[in-house]
Each structure stands twice: as C-alpha cells, then as structure tokens.
Amino acid sequence: MRGTKVLAVVAAVLLALACLPVGGCSVDGAAEGGEGSEPYRIGAVLSLTGTYAGLGIPEKNAIELEVARINDAGGVGGRPIEVIYEDDATDAAKSQAAAVRLIDEEGVLAIIGASGTGQTMAMRADAERAGVPIISMAGGSVITDDFSEWVFQTPWPNRIVVPFVLDQMAAAGHTSIGLISDTGGYGVDGRDYVLAHAGEAGVTVVADETYNAGDTDMSSQLTKIRAAEPDAVLIWAAGKEAAIIARNARQLNMTQPLYGGSGIARAEFIDGAGEAAEGVRLGTGKILVPEAFGEGTESYEVATSFISRYEDAYGTKPDIFAGHAYDAIGLVADALGRIEGEVTSDSLRDALEKTSGWVGIDGTFTYSATDHNGLTQDEMVLYIIEGGTWRLDR
Amino acid sequence: MIRTRLAFSPYVAIAIAAAAVAAVPVLSPDRYLLKVLVYVGVNVIVIAGLALLFGHAGQISMGHAAFVGIGAYTSAYCVGHVGLPWLVGALAGTALAAAGGLVLALPALRLRGHYLAMATLGFNEIMYVAFREARGITGGGDGLGGISYPEVAGLSIDSPVGVYLLVWGVALVVLLLVANILRSRPGRAMRALHATENGALACGIDTVGLKIRTFALSAGLAGLAGALYAHSVGFISPGTFGLDQSVIYVAIVVVGGAGSLAGPVLAAIALTLLPYADALIPGLGKDAVALLQDWEADIYGIAMIAVVILAPAGIGGLLTRLRIGRAGEAHV
Amino acid sequence: MEAAEFLQYVIAGLKSGSIYALVALGFTVVYGSTGIINFAQGEFFMLGGVLTVWFYGLGLPVPIAGLAAVATTAALGILFERFALRKQRSAGPLVLVIITIGGSMVMKSLARHLFGPDELSLPEFTPGPSIDIAGAAVERQALWVWGLTIVAVVVLWWLYRKTRLGRAMRACSISHDAARLMGIDTARIVMVSFGIAAALGALAGFAVTPLTQTSWDAGAAIGVKGFAAAILGGLGNPVASVVGGLVLGLLESLSVAFISSTYKDAISLAVLLIVLFARPQGLFGSARREKV
Amino acid sequence: MSLLAVRGLTRRFGGLTAVDDVSFDVHEGSIKAVIGPNGAGKSTLFNLITGFDPPDAGSVRFDGREITGQRADRIVRSGLARTFQNTELFEELSALENVRIAADLGVRAGFVRSALRVGLTAGERESVEQARRLLRLAGIAEFAQARASDMPHGTRRLLEIARALATTPRVMLLDEPAAGLNGAETRTLIDALYRIRDAGVTLVVVEHDMGLVMEIAEEILVLDRGAKIAEGPPLLIQKDTAVIEAYLGEECADVGC
C-alpha cells in the first residue's frame, strides 16, 4: 500500500475536519434582523495585522468608540448594535473567507470593510450572491467606479481628490507638474486620474515617475523630475515612502513646491519628513483641522466631538482612517434607524442607498442608485504643513 | 521474503479517498469550511508539484508562486477576455506555466543551491512586476475581479460544494499521478539526482532532461492550481503570487519532509489551515479569536521551527517511523 | 544629460547600494561559517532601526541609541543561533534555512506588537542642508551611511585578516571538519558569525532610518536586495558582497535614469540573472571545481 | 580493431597539463590496468573518456563510434560504465535501490507511462530481479536492505561496481576499486572482477595495489605527470626503467634497488 498512502492520509484529515462542529448557527442566505431587544449584528473585516495594520487598528478604535456611544444612547430604535470583527491580515483570500464566515455563521446584516482596495474587491462576489451590503473604507476608485448595487464607500476616492488638487495647483499658477506615484493600487489609481484630468485642469505632466513600496531612496526619480523643470511636484503615495520623497526633494535642493493627496494626510508623514514637510500642500477632507468645517456648523460639532472623544479614549488624535470608519458605522446606524418594517440585509441596503445629507467626518454623504460614494469636491480642502502641523491654505 | 501485509490495492485507497472528499460537504454543509478547503486543495496541488521538484529531485525553486500566478492570469484572461471555456483556459494556464518551468530549468542546469534559489527568486520578482504592469491582461495592482466560475462541459460549477468537489477531485487525481511517478523510474531517478548528480550520470540517467521535465511538470501543476484558484475565488491580485508565498511553499516541503509526498501534503493542509484556525476551532470566545488572529504570524513561525526541530526528517520522517518501513525504502 | 545629473544618479545608486552592501555582508558572514542563507538577516536590519528609535525615545542621544541598538541586535542574533539553530547542526542546511524563515516571521510580528504598526522616524545625525559636490547634492546622512559602511568593511577586513578569530572563521568557511581538526571550536565561530551578521544588519538599519524611517515590516524588501547583492558579488567573499551591493544600487538608479523607474527592480534582477548564467558563482566568487 | 581507442587525449587546467597527449587501446574481454604515481592524471584521464570532463584535444572511439565530449549519461547508455575514486552512492537509499536505479535503464517508463502505471510492473519486477542478481554477483547479496551510508567500506566499493554493472556495460572503468581495502576484501574484489570479466565485460582498472595489478592485468598503461611513459604486459612493465624511475626516483633506476 505504498503509493496510495498519501491518499489515505488526505482522506483521514478531511473527515476529521468535517466532523468539527464548525457549523455553529449557520444561517443560510441574508440574515433577518429579528425583533425586540436582539442586537443588530454587523460584520467588520479589517486589516489588523500585516502591512495595512496601520489602517485597520485606528478603524477598529473608531468603530468601537461609535458603537459604544450609539448603544449608550439607547441603540437604534431601542436595539443595540453588535459588531463582529474579523482580521484579514492584509490578505485578499482571508478577507473573502472572513466575509463568507460573517454572512453564514454570524448572520450579519452588513459588512464594514475592508481596509484595503484589493481586500474589498475580493469580498464582493460572495456578498453580492448572499445579498449583504458592504461599506468599504478603502480609497480605491475602482470600488465604486466598477459599480455594484451592494457596495458602498466612505473615503474620498481619487476620482474626487485628484481633480481638486490639480485645480488648486493650476490656481496657484503651476501649469507644468512632475508626478511621482507608487506602483501600489492607490498610486496607480491616482496616476490614472492625474493623466486623465491634467488637460481639463490646464496643467501638463512633464515628468511621470514611479517607485515601489519598500524602496529606500527616490532621489533618482526626483533627479529625472528636476531635469524636466516642472513648476511643482505632485506626490501620489501612501505609506512611509512619501516622507522619503519629501526629504530627497529637499536634499536635491529642488525649489518646486510639493503637493499631495489624502495618502500623505498622516502624522507619520510629518514626523518622517521633518523640515522637508514644511510647505508641503495636500488636498483632503476636513478632519485634519476641524475649523475647516466652519465653526458653528453641524459637521464642525460632529468632528470636534469625535476628535475629543477619540483622544480621550486612545490618547491620540484620530487619523483619516478613523474618520472613514466613523462614517461607515455611522451610515449603517443612520440607515437602520430609517428602515420601516422588517430589518433585513435588503432593506438595509435600500436605506443606505437613500442616505442623503448625512453629516459625517469625511463630509456630508448623499448616496444614490448610481453613486455609492456620496461625496463631492466641496468636501475637500487644501492644507499646508507649517510648524509640524496642518494649516488651512486658503 | 513474501510480503504478508494486506496489500491494499491502489483502487481501494482511491475509492476511500474519493468517498472522504465527497462526504465532507454532507457532514458539514458550512460554506466557510468549504471555501477554506478550496484554498487547502489548491495548495496541495502546488505542493505535490514542488515536492516532486524540490523534495525529490533536489532542485530548489523560490519562484513557484509566480507559476501559480501565470496559471491564474492566463486562464482568467482566456475565459474572461477571449471567451474560451474554462477547461481550455485552465489547460492554457497549465501549459504556459509549464513553459515558464522550461525557461527556469535552463539556469537550473548550471546553478546549484543558493544560486539556483536566487535565480528562481529573481524570476518570481520579475513576474510580480509583469503581473502588476500588464494592466490590460491582469488588471494591474488593483487586481482582477469578476472572474467567472469554472465551467465543465457547459455546466457552470458555481456552488461552494461544486467548486470544492472540483478542486479536491483534481487534487486527488494529481496526488495519484504524482505518487505513481515517484514510485516509478522517474521518481527513483529524481532521488538519485538529489543524492549525487555524478552518481546519477554514472547510472545513465539523463539529468539534463530530467531537470527540464521535472521543472516543467512541477510548474505546470502550479499553473493548474492557479487556474483552479482564480475561478473558485473570483478575484486575484499580484500580491497573492508574491515572493513570500513562494518562500512559504518551500518551507512547507521542508516541514513536510523532503523524501516523501504524504509529509509535504499533510504540511500543506496544516499550514494552510493555521491562519483560519481561529474560526475552525469550535467554542472559542470572541477575545480568544482576536488574540489568535493577532498572534497568528508568530504562531506560524514558531510552528515551523518546532516541527523541523522535533522532526528533522519532517512530518514524512515521522510517518515512516510510525510505519515500520524498510530502511531506505522510498516512502511515498 | 550633463555630468552633474549623471553624478546625482551615481550618488543615489551608491547610497542605496551601500545599504544593500551592509546587509549583503551579513548574509556572507553567516554563509561563510555555516553555509546557509540566513533569512532573518532582513529582520536584523529592521531591529537596528526600530531599537534605535526606541532607545532614542528613552532619552538616549542618537549615537548612543544606535550603539545600544546594534549591541542588542547582535545579542539577539547570538540568542537566536543558540536556541533555534545550535542543536540542529546535524540536521542539514535546509532545516536551518527554514528555522531562519520561521525566526524572521516571529521577529517581524513581535516587532509589530512591541513597536506598533506605524512608521517610526529618527532625526538625522548631523542635520543640515546637503553638500554640493561637482554640481550634485549629497545629503549629510548619506555621508554617514558611506562612512559607517567603510568602517564596517575595514573592521571586518581587519578581523578576517589580522585576528585569530578571523582566521578561524575563514577556516570554517572552507571546511568545518578541517577547522574542527585544527582545534577550532566551530560552534563558537558560528555563534560569533550570527552576532557579527546581526550587528552589520543593525548598523545598516541605524544608519538609514533617519533617511527612510523604519517600521516592523521594513526588513522584507531589504532582505531580498541584500541576498541578491551577496549572490551578485559571489557568496562567501566579503569584498565581493560590498561590490555586489554597490553594483545593484547603481543598476537600479541608472535604470531609472535611462529606462524607466517602473521597471527598475525587474531590470536589475534581469541583469543579475544574466550574470548568474554567465558566471554561476557570481562576479567574484571562486568557481568551486566539483571534484569528481 | 580495439573496443576502446583513445587517441591524443589532452586536458589543461590553466598552466598545468593534467593529461598530455595520451593514446592507448583496450581489447574486448581483456583487463587493462592504468598505474602511475599520485597526480599522474589517472582520474582526469577517466573523466575525459567517460564524458565527466571535456577534453581540450584528442578523441575517444568506443566500439567504432566517436564518443569524444558526449555527455556522461549518454556514454554510459552506449555501454561504457564507470565507478568513482570516492564512491558516488545514493547514501539514503538501500543497496537494492542503488542498483535498481541503474537497472532502470531497461525499464521503458517516461513521466506519462509512470503516472498512469501502465504495464510497468513487468519491467520493474525484471529490474528488481536484475538488481538482486548483480548484488549476488558482487557477493554482497546479504546487504540488499542495508542503507548505503551504513555499509562497510569494502562493501560500498562492491555496491558501486554492482550498480555500474546494472547498466549492462561492455566496458567498465574502475577508479581505484581496492583503495582502503584489507587483504580479505581485496581477495573478494579480485574474485568479483574475474566473475565480471568472465561475464564478458572488459575492465580498465586504475589501481595502486601492485599485487592486484600484477595478478589480474593482462596489459598495463603507465602514466607520469600526465604523459604515457609505458604500455605492455605486467612482466615487461616491472623491469621498465622509465616506470621504476617514475615511481622510485633516479638513483634506484640504474641500481635496481
């Protein structure tokens, strides 16, 4: 029985696995909300480990903070919200499996997540088949460009941020720009929009360089950009490489002003770039400087209250990722509140789609049957980094 | 010495294995377990190929994830863009990956050990750039979604049970074919090549041809696994086929035990399931799950070290000691 | 392209090249005494940076924090060899390589638990504007990186050539059995090699963190570049590793200059594969004639 | 017409000429010895003939066909087998498995036939029988299940000879088969060599054990510093001054000490 020992081994292992009482309360198809004081069960697929851990952890903090606040205030129509967390470890295969588990075994009404664009796209097929809405916190435009009635998005996609930044650069008289972007999803997505919208914004891209995550030096790319003598340099990057680019540019005595998008709207960028961050301008939402919301407005109240509560609970100011998560759980709670009749995944999806004028951190959301992102350019503001922090550059 | 032990005829063993595979969905209709078992089945096919090339023939390859990627992207493109049926796409993916194996066999003729590891590692990194940049075909960094379910003879296999049965059906066939090869002349020639290339040459073994064919077969199996993965999961991105996945495959074969097939297959099952253990172990509290998920990478690393320290000959070595195998008998 | 701009590309190449060289040296030192590739070498680089930031956070000035980090990482390297690798000497090179892979996973994840998921930064040793050399701008920190690389190479050369320990390490790299017959405690040599390799990796991490920041997962990419550099130069030969690192750095920066930045990694690896095909033992490696 | 005709074989390593324009013939059914002091180029000569090392000049004709520079495995398959100075056995496998791998030459089984296990059992059973027969011929049948690495030195030498035989060679080149053997083991080796020669296999043996050489060799080739300095029957070679000089140095050559 030599050759087929491997088959016997495989058979034994599979049978053992099948007998694990894994099934649990496997509910097939979309979950019913149930009545009375039973909690609304919402799933959350986040990158708590792996490369995107820096996004997932603040997102989880924000969701836990908001769920506690909502439940303390009596929940939604008297029923509390219960969030079940799954870590996808920045791996698309795991995010898909997590989504299936949340739908089948936890019977969730909706799934908040994932932190990354790829991980979000991996969950779509299963969520759509099971009829469970996804509220993604990832910034890739493809999430809502490649439209699906079951997929919503809270952060400002490049589709909105890029034109805004390009317009600001044109307004400041920079007609020729040098672009440097990372080869990850966010960078490529941003670069596509820059090349597409440069003309409209009255700007020409005279240098177009890229770099890879993990690269330790971008001075070659910047030397090439410097040779093209642009009026300004646009950085479309997420992660720690953006700070290196700012440093390299300063060391190369490049005089051009630096511009960027929400990818560099992070405290780590300022710490990493040091003085090189001074004078860098970036376009993103209003969370960085609450005054941007305009004192006395509802969004100002929402933002300052969230920022102070977050700081009390976790000791640091919330970053843009915490803001995306705040909106995600907030939109779900708001939609739940607006459902008349039976609360199901379907009715929750419809309610989400009818969200209009909901004031969140990333802006005032108005979804529709064709727009599941709900934000416009007027949620954007231009900041300038001065004295190690952001200041409104208006 | 007439062997008195009850010699299972191979067909009985195949029947048992097939019955077990079929029984799983009946015993536990849980979609999550079936989806995870699809990941396991895909890895078992890749590991069967790598156990052949690396475990038996001693040719290290740090680029096998790239072959999986070639298979996945090729079949997704053939089916998605060119509109070919899945079976044709899968075969095209397997063939192209095998061709990639042929290309990679050329350096293997001149390089040994760490240098061959670097050449195959370089191949993996170059293919990663290709997957990322060939956006027309691969969808680039954001990945390729909406890949259709496998369809055999016009019948679309889109239910979780159907996909599971397809993947594990192919896995069982692959295991049987690889087991047969390892028990026959090519398998013995591979073990000879692994022991000493000069000794193999002195036995008249065409080591050049053997390396090329083994690389091509091993890479082809990885491509087949890729084709199955792409259409069962529906979404692939360059990151899935990166270098760290190739390193994991090599580690699985070593943990499994270089000289056997059952060992690496068991190691593939165990190490693929480990990241999902938090959901599979019944009765874990919420924070126990969170803790397990948070420390999963550490547990994975420690588990690998523990197995190779406790069982230097790997799980395969343990299996042999359990079964009073004849000394030096090639245990498959 | 005038000379100043070309010089700028060369400087960029030498800057990243010297980091690859230091990490490659770590690979070569361990390969020399054990014959295995230490997959945790990238994590030693990460620990060098992360520990420096941590010590700096405790109030130590940057240079002292750096020294403490290099020393701690060297100690970690020795402990890792003692506990994980020591008993496995007889188990064959593959098992050892897998243990270093497992070790790198554990170190990486522990660093995330201890030092958090986000990037950590460190002020420059001597802050100030870049220095102009023939029209090209050179960062002060880059001078520190080159300086420390040269110091490391000279110290290593002195150790290998001029000390008993060094000779014993060279003997080990040629043949463990012969070295043992000469009364060399090969176990101690292997331990020392892991200490030195860890120190070299940590030194690289310390020197470059002010430029690039660091984080718990900074080791992976550099580990691959260091391994490629060690192979390009020729395994086992320290000087070759340094040259391999510098050549790899220049390959990358020049392919950005003349071809395209998107394919710089693919181009430099393709060149490496061509070199391996022409010279299967690397640029300077000795073609070990296989005795038949 | 000789079975193996070597003409002008030369191999240079940098400045050193390891094999310098060596020519000789081996006749079917005979036993030829190749002797010479250490470093005379004996092993290198074997490597050139058997394709393990490409010659810089010269040619080798086996059974009338040119085989110079062919790949080693092709030369083995055409009937010219060899053993190594330091044995190249498959250490983890049993003696039977070692010989069986060479006997597999007779089993027609590529990847596809093996994968489907179509009609293999007959060929394989035959190759196992062949392997057992050869172990008996070499006189080490009782070691069949022993792992190669666990076997005593003498037995390992005989195992490598049995394995080379399994490729059904017409000529076998043995590289110092008696090195490190004691008296009794050398006796067993000599008996085995006679049995192999009687089975029709021509033998060419590199050896230092003059007792063995003088007993079994019908013709002796003497190499010194890469060049052929003598060739002929044992008795003639014994008295050849050039040979003595090569081995014992000048003074003894004329005095005959």
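Throughout, a chain's letter reflects where its sequence line sits, starting with A, and its residues are numbered from 1. Side chains are part of it too, since the values below use all heavy atoms of this structure and drop only hydrogens, waters and symmetry mates.
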**Prompt:** Do you know which of B:Gly314, B:Ala119, B:Gly122 has the most heavy-atom pairs with chain C at a distance under 4.5 angstrom?
**Reply:** B:Ala119
**Message:** Is C:Ile101 in contact with chain B via its backbone, its side chain, both, or neither, using a 4.5 Å heavy-atom distance?
**Reply:** both
**Item:** For the student: nearest non-hydrogen atoms of B:Tyr115 and C:Leu235, plus distance
**Value:** OH-N, 2.8 Å
**Item:** Validation row: C:Asp265, B:Tyr128 side chains within 4.5 angstrom (heavy atoms)
**Value:** no
**Request:** Answer with side chain, backbone, both or neither: which region of B:Leu121 has an atom nearer than 4.5 Å to a non-hydrogen atom of chain C?
**Result:** side chain
**Complete:** Of all heavy-atom pairs linking B:Val129 and C:Thr262, the shortest is CG1-O, 4.4 Å
**Side chain proximity check, B:Val247 to C:Met105, heavy atoms < 4.5 angstrom** = no
**Message:** Report which part of B:Val255 has an atom under 4.5 Å of a heavy atom belonging to chain C: side chain, backbone, both, or neither.
**Reply:** side chain
**Fill in**
Ranking C:Gly282, C:Pro280, C:Ser104, C:Ala230 by heavy-atom pairs under 4.5 Å to chain B gives rank one to C:Pro280
**Complete:** d(B:Glu125 CD, C:Lys225 NZ) to nearest 0.5 Å is 8.0 Å
**Asked** So how far is it from C:Phe83 CZ to B:Ile309 CD1, rounded to the nearest 0.5 Å?
**Response** 11.5 Å
**Request:** Pick whichever of C:Val97, C:Val224, C:Leu94 has the most heavy-atom pairs under 4.5 Å with chain B.
**Result:** C:Leu94
**Request:** Go through C:Leu232, C:Val95, C:Leu272, C:Thr100 and name the one with the most non-hydrogen pairs under 4.5 angstrom from chain B.
**Result:** C:Val95
For a quick test of your reading: what N or O donor-acceptor pairs under 3.5 Å do the side chains of residues 268-277 of chain B make, sequence neighbours left out?
from	atom 1	to	atom 2	distance (Å)
B:Thr272	OG1	B:Asn43	ND2	3.1
B:Thr272	OG1	B:Ala268	O	2.4

**Prompt:** Under 3.5 Å, is there a donor-acceptor pair between the side chain of B:His114 and the main chain of C:Gly35?
**Reply:** yes
**Prompt:** Would you call C:Arg112 and B:Asp298 a salt bridge, taking side-chain N to carboxylate O under 4.0 Å as the test?
**Reply:** no
**Item:** For chain B, the option from C:Ile231, C:Ile36, C:Val106 that forms the most heavy-atom pairs under 4.5 Å
**Value:** C:Ile231
**Prompt:** Once you round to the nearest 0.5 Å, how far does CZ of C:Phe80 lie from CD1 of B:Ile305?
**Reply:** 5.5 Å
**Request:** Any chance you could lay out the side-chain contact (heavy atoms from CB on, under 4.5 Å) test for C:Phe277 and B:Leu106, step after step, and finish with the verdict?
**Result:** CA-CA 9 Å; C:Phe277 206 69; B:Leu106 300 182; 4.3 Å; yes
**Prompt:** Just how far is it from atom CD1 of B:Ile299 to atom OG of C:Ser109, taken to the nearest 0.5 Å?
**Reply:** 9.0 Å
**Request:** Sort B:Asp244 into side chain, backbone, both or neither according to what part of it lies under 4.5 angstrom from a heavy atom of chain C.
**Result:** neither
**Request:** Using non-hydrogen atoms and a 4.5 Å limit, figure out which bit of C:Ile99 sits close to chain B: side chain, backbone, both or neither.
**Result:** both
**Asked** Do you know which of B:Leu243, B:Val308, B:Ile248 has the most heavy-atom pairs under 4.5 Å to chain C?
**Response** B:Val308
**Message:** Quick check for you: to the nearest 0.5 Å, what is the distance between C:Ser260 atom OG and B:Glu133 atom CD?
**Reply:** 7.5 Å
**Fill in**
In terms of heavy-atom pairs under 4.5 Å with chain C, the winner among B:Val250, B:Asp294, B:Ile126, B:Ile302 is B:Asp294
**Message:** Does any backbone or side-chain atom of C:Ala278 lie under 4.5 Å from a heavy atom of chain B? Answer side chain, backbone, both or neither.
**Reply:** backbone
